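To keep things clear, I will list the structure first and then write my remarks on it.
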Amino acid sequence: MRQLTDINRTLIRSYEQMTRPNRKQAKSIETVRIGATIGVPEVLESMGMDSAEMLAEVGLGLELFDDPNNRIAFAARGHMLEHCAKRTGCSHFGLLVG
């Protein structure tokens, strides 16, 4: 009888672990300060690009760059830099930003 109880406990524990929310999925969206990339609009303009238009293509507005303490999703920042590099044809775009 004791073996059945132990087996039941093990099965219940396994079921609970399987149905528990994944910790990675439960995490909130990671954000970073825009400060390190605050020069993006200026670099875009220096390359003859319309920075407002380019940023709008990835769902961002110029006002995000008004304060270095504004926050952006880590993934969105990466997407923005990748988009700018592709559209400008400058593979080292991120290095120019700072």
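Note that the coordinates shown come from a computational prediction; the quantities given were computed from them, not determined experimentally.
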Could you list the donor-acceptor pairs under 3.5 angstrom formed by side chains in residues 37-45, with sequence neighbours left out?
residue : atom : partner : partner atom : Å
T37     : OG1  : I34     : O            : 3.1
E45     : OE2  : S51     : N            : 3.0
E45     : OE2  : S51     : OG           : 2.7

Under 3.5 Å donor-acceptor pairs involving side-chain atoms of residues 59-67, not counting sequence neighbours:
residue : atom : partner : partner atom : Å
D67     : OD1  : N69     : N            : 2.9

Mind listing the side-chain donor-acceptor pairs of residues 73-82 below 3.5 Å, one per line with the distance, residues two or more places apart or on another chain?
residue : atom : partner : partner atom : Å
E82     : OE2  : K86     : NZ           : 3.2

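Put simply, CG on L55 and CE on M49 are 10.5 Å apart, with the number rounded to the nearest 0.5 Å. Interatomic distance, C84 SG to L96 CG, rounded to the nearest 0.5 Å: 11.0 Å.
Counting heavy atoms from C-beta outward, M54 and M47 have side chains that stay 4.5 Å or more apart.
Judged by distance alone, with hydrogens and angles left aside, the side-chain atoms of R33 form no donor-acceptor pair with the main-chain N or O of R71 at under 3.5 Å.
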